[in-house]
Amino acid sequence: MSFFLGRLAVWALALFLGITVRSPAAEIARHGIAMHGEPALPAGFDHLPYADPHAPRRGRITLAQQGTFDSLNPLIVIGVAPDVVPRYVLQSLMVRSLDEPFTVYGLVARSAEMPEDRSFITFNLDPRARFSDDAPLTAEDVRFTFELLREHGKPFYRSSFASVRGVEVENPHRIRFDLSGSGDRELPLIIAMMPILPAHATDPEMFTRTTFTAPIGSGPYVVSEVRPGERIALTRRPDYWGSDLPVHRGIFNFDEIRYDFYRDENTLFEAFKVGLYDFRLENDPGRWVTGYDFPAVLDGRIRRDSLPIRTPQGMNGFVLNARRPALADVRVREALGMLFDFDWVNRNLYHGVMRRSTSFFAGSELSAYGVPADDEERALLAPFPGAVREDILEGRWSPPSSDGSGRDRELARSALDLLSAAGYVLDGATLRNQDTGEALSLEFLVNSRQQERLALNFAHGLRRVGIDLRVRPVDDVQFWRRLGRFEFDIIQWTWPASPSPGNEQRNRWSSTAALRDGSLNFAGVQSPAADRLIDALLEAASRNKFVSAVRALDRVLLSGFHVVPLFYRPEQWVAFDATLGQPETVPLFGANIDTWWRPPSGQGTSAAIDHSDHRLQEPRQ
């Protein structure tokens with residue numbers, strides 16, 4: 001009783017003096033944080049379910065990417081940088097599980113404290129965490145990085161971190177973020193995944209410039225070789241502090257990781273055929289069906305597999321930049337979509353194996369395709385009459401389906417009707433604006449032969465109704481620079497989707513992002529409805545409300561016809577060096593090379609995945 005009275009007196013005095021007293025019950029230390037519900041793994045778990053804790057740590061893996069790079073800093077807008085440094089060199093407070101929609105577990109932070117309303121989050125850092133120069137990683141490094149990214153980082157960081165009201169370093173191993181008023185339930189997880197830079201070895205003035213000097217990090221690898229535009233090599237740190245953390249057991253198993261860069265896709269594939277790199281995710285269905293009959297596959301030195309995709313399929317399509325006057329009218333954008341013959345392209349270029357993109361979250365419960373809006377969605381959309389077309393609201397809309405001839409007259413006629421309503425008339429073989437007389441002429445920016453092949457097919461379809469589409473190939477550096485400034489009419493782009501869409505949607509679809517160079521709002525979407533629905537999905541406290549908000553956003557985006565939907569792969573296609581070992585479990589997000597290993601010489605490899613190829617040798621019907 002006296003203890004209770006003593007506590008009551010303390011609270012009363014604090015109230016009188018205007019001091020905030022934090023409730024211990026509101027700050028329960030958590031080993032992990034899930035976007036909705038609770039983490040799947042209990043406190044004290046031994047390893048992630050998709051990693052083999054007994055995997056040997058040895059050998060080298062060679063990976064490859066198409067394109068080039070002119071920087072090692074992917075955290076800023078300028079420059080073309082791969083994700084090598086944040087993946088292997090830098091670390092975050094917590095790390096995302098690849099087997100749950102969106103859950104993070106302790107890494108640099110041993111635990112986090114957060115109330116149910118997520119109005120703040122406090123991270124308790126592991127005192128053992130050290131950078132590769134042996135300097136300790138402290139809360140001051142976390143604060144420094146947060147402020148640097150909020151001021152100079154990519155738009156995703158600047159927009160997300162702008163909602164944080166304050167940061168308090170409580171001691172060298174404890175830091176608190178005030179999130180009150182943000183209404184963003186994903187924000188604690190975004191902060192938890194922020195890569196941490198060393199304050200003592202990072203010059204804020206130089207941070208905004210491209211560089212080939214890798215930062216000092218606290219991760220398992222250091223950059224050991226850089227050949228600009230050609231190669232990046234990483235070597236394991238023998239003194240890495242976190243080797244035995246549960247989130248790292250059975251992960252990062254190679255002593256050396258090497259990335260080689262190739263200018264074009266054909267050269268990239270030829271290099272794989274002769275064994276110049278070890279692991280390949282195949283994206284070309286034609287190549288997957290007919291191109292893997294080379295000697296290394298036939299004699300078993302290279303294996304391949306087809307894995308089910310269990311995550312939502314993002315949107316792959318021709319992006320129509322609504323900032324351009326010729327593409328500002330939604331009727332023009334819808335008409336252009338009618339002139340792409342998916343059925344012909346799929347049959348003639350992709351052996352009929354691809355599936356049509358029908359949603360920005362296809363193949364999942366988040367997709368609005370074929371599903372009438374529920375009451376929750378309609379309530380969210382009610383303040384924005386006209387933001388969603390009736391057929392899309394009722395789940396009756398589908399992308400245009402042709403007769404597969406490549407010259408469907410009915411679709412061409414429907415497209416011309418829409419273009420006429422938008423103020424265009426045919427003048428001989430040229431479509432012109434009836435007020436200005438200006439021909440409807442567009443440019444398609446491409447940076448690969450695959451993109452060029454599709455763009456040329458699209459140009460053929462547009463030419464049938466008098467639209468001139470010029471296909472312009474450019475090199476990687478020019479391509480990315482022009483994308484960063486939205487200097488294009490049409491590009492091909494894929495926005496991937498996760499089981500838990502969140503803050504990245506602001507960078508893709510918000511009105512603010514449409515006006516900010518370097519964002520992924522390539523389509524120029526400026527919609528109050530989309531802005532509100534992004535807020536709604538971030539505010540959702542339950543999975544049901546979250547799903548409704550995402551579906552409503554999907555309907556708004558589909559109604560804007562910002563993209564000519566293309567297709568997605570029905571499976572994940574993987575080819576790899578047959579000597580590599582792999583764990584028995586494939587995570588929700590698909591095969592991940594960081595859980596694989598190089599067995600000691602003479603030992604066999606895991607047979608976790610069925611590698612029978614007979615079903616892959618024939619074209620799919």
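Residue indices begin at 1 and follow the sequence shown. Reckoned from all heavy atoms, side chains included, excluding hydrogens, waters and symmetry mates.
Of the charged side-chain nitrogens involved, at least one lies within less than 4.0 Å of a carboxylate oxygen, so that Arg598 and Asp577 count as a salt-bridged pair. Contact check on Glu282 versus Arg280 returns a salt bridge, with a Lys/Arg side-chain nitrogen under 4.0 Å from an Asp/Glu carboxylate oxygen. Salt bridge annotation for Glu270-Arg287: absent, with no cationic side-chain nitrogen under 4.0 angstrom from a carboxylate oxygen. Between Asp255 and Arg57, no side-chain nitrogen of the basic residue sits less than 4.0 Å from a carboxylate oxygen of the acidic one, so the salt-bridge criterion is not met. The pair Arg506-Asp184 counts as a salt bridge, with a side-chain nitrogen and a carboxylate oxygen less than 4.0 angstrom apart. Ion pairing of Glu116 with Arg30 is present here, as a side-chain N (NZ or NE/NH1/NH2) and a carboxylate O approach within less than 4.0 Å.
Contact annotation: the side chain of Phe123 approaches that of Met94 to within less than 4.5 Å [non-hydrogen atoms, C-beta and beyond]. Using a 4.5 Å cut-off on side-chain heavy atoms (C-beta onward), Thr103 and Ile33 make no contact. In this structure, Phe177 and Ile175 have side chains that are in contact, with non-hydrogen atoms separated by less than 4.5 Å. Under the 4.5 Å side-chain criterion, counting only non-hydrogen atoms from C-beta, Val164 is in contact with Leu179. Residues Asp99 and Arg310 are in side-chain contact: their nearest non-hydrogen atoms beyond the backbone lie under 4.5 Å apart. Using a 4.5 Å heavy-atom threshold, the side chains of Pro215 and Val85 count as touching. A heavy-atom distance below 4.5 Å is found between the side chains of Arg237 and Ser132. For the pair Gln450/Asp284, a side-chain contact is recorded, criterion being any heavy-atom separation below 4.5 Å from C-beta on.
Taking the six-membered ring for Trp and the full ring otherwise, Trp596 and Phe279 have centroids separated by under 6.0 Å. Between Tyr157 and Phe146, the distance separating the two ring centers is not shorter than 6.0 angstrom.
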Using side chain to side chain donor-acceptor pair (under 3.5 Å), reason through Asn73 and Ser71 one step at a time and then give a plain yes or no. CA-CA 6 Å; Asn73 184 1; Ser71 177; 5.7 Å; no

Carefully, step by step, assess Ser511 and Asp531 under the rule side chain to side chain donor-acceptor pair (under 3.5 Å). CA-CA 7 Å; Ser511 300; Asp531 294 339; 2.8 Å; yes

Take Phe45 and Val247 through the side chain to side chain contact (heavy atoms under 4.5 Å, CB included) test and state the conclusion after the steps. CA-CA 9 Å; Phe45 69 91; Val247 293; 3.9 Å; yes

Show, in sequence, the C-alpha distance, side-chain angles and deciding distance for Ser119 and Asp117, and conclude whether the side chain to side chain donor-acceptor pair (under 3.5 Å) test is met. CA-CA 5 Å; Ser119 58; Asp117 65 2; 2.9 Å; yes

Between Asp126 and His173, is the side chain to side chain donor-acceptor pair (under 3.5 Å) condition met? List the steps. CA-CA 7 Å; Asp126 192 324; His173 300 115; over 6 Å; no

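At least one donor-acceptor pair closer than 3.5 Å links the side chain of Arg118 to the backbone N or O of Arg185. Judged purely by atom type and a 3.5 angstrom limit, Arg143 has no side-chain atom pairing as donor or acceptor with the backbone of Glu168. Between the side chain of Gln451 and the backbone N or O of Asn447, at least one donor-acceptor pair lies under 3.5 Å. Using modelled atom types, no side-chain atom of Asn124 and backbone atom of Arg110 make a donor-acceptor pair closer than 3.5 Å. The main-chain N or O of Asp46 is found under 3.5 Å from a side-chain atom of Arg249 such that the two form a donor-acceptor pair. Here the side chain of Tyr50 pairs a donor or acceptor atom with the backbone of Leu98 at under 3.5 angstrom. Remark: side-chain polar atoms of Asp70 are not paired, donor with acceptor, to backbone N or O of Ala81 under 3.5 angstrom. Proximity of a side-chain donor or acceptor of Tyr88 to a complementary backbone N or O of Asp83 within less than 3.5 Å is not detected.
Separating the CG atom in Asn503 from the CG atom in Leu189 is a distance of 10.0 Å, to the nearest 0.5 Å. A distance of 6.5 Å separates CD1 of Ile196 from OG1 of Thr145, quoted to the nearest 0.5 Å.
Residues Thr267 and Asp264 bring a donor and an acceptor atom of their side chains to less than 3.5 Å of each other.
Between Tyr105 and His31, the ring-plane angle classifies as tilted under the 30° and 60° cut-offs. Classification of the Phe69-Phe212 ring pair by plane angle, with boundaries at 30° and 60°, yields perpendicular. Between Trp493 and Phe522, the ring planes lie perpendicular to each other; the angle is over 60°, past the 30° to 60° tilted range.
Figure legend: cation-pi geometry between Arg176 and Phe120, with NZ or CZ positioned under 6.0 Å from the six-membered ring centre and within 45° of its axis.
Contacts classified as side-chain hydrogen bond (donor to acceptor under 3.5 Å, both in side chains) and involving residues 216-235 (residues at least two apart or in different chains) are given here: Gln91-Ser218, Ser224-Thr235, Glu225-Arg227, Arg227-Glu230, Arg231-Asp260.
For CZ of Arg165, the number of neighbouring non-hydrogen atoms (other residues, nucleotides, ligands) closer than 6.0 Å is 12 at most. When the shell of 6.0 Å around CZ of Arg516 is examined, it contains more than 12 heavy atoms from other residues, nucleotides or ligands.
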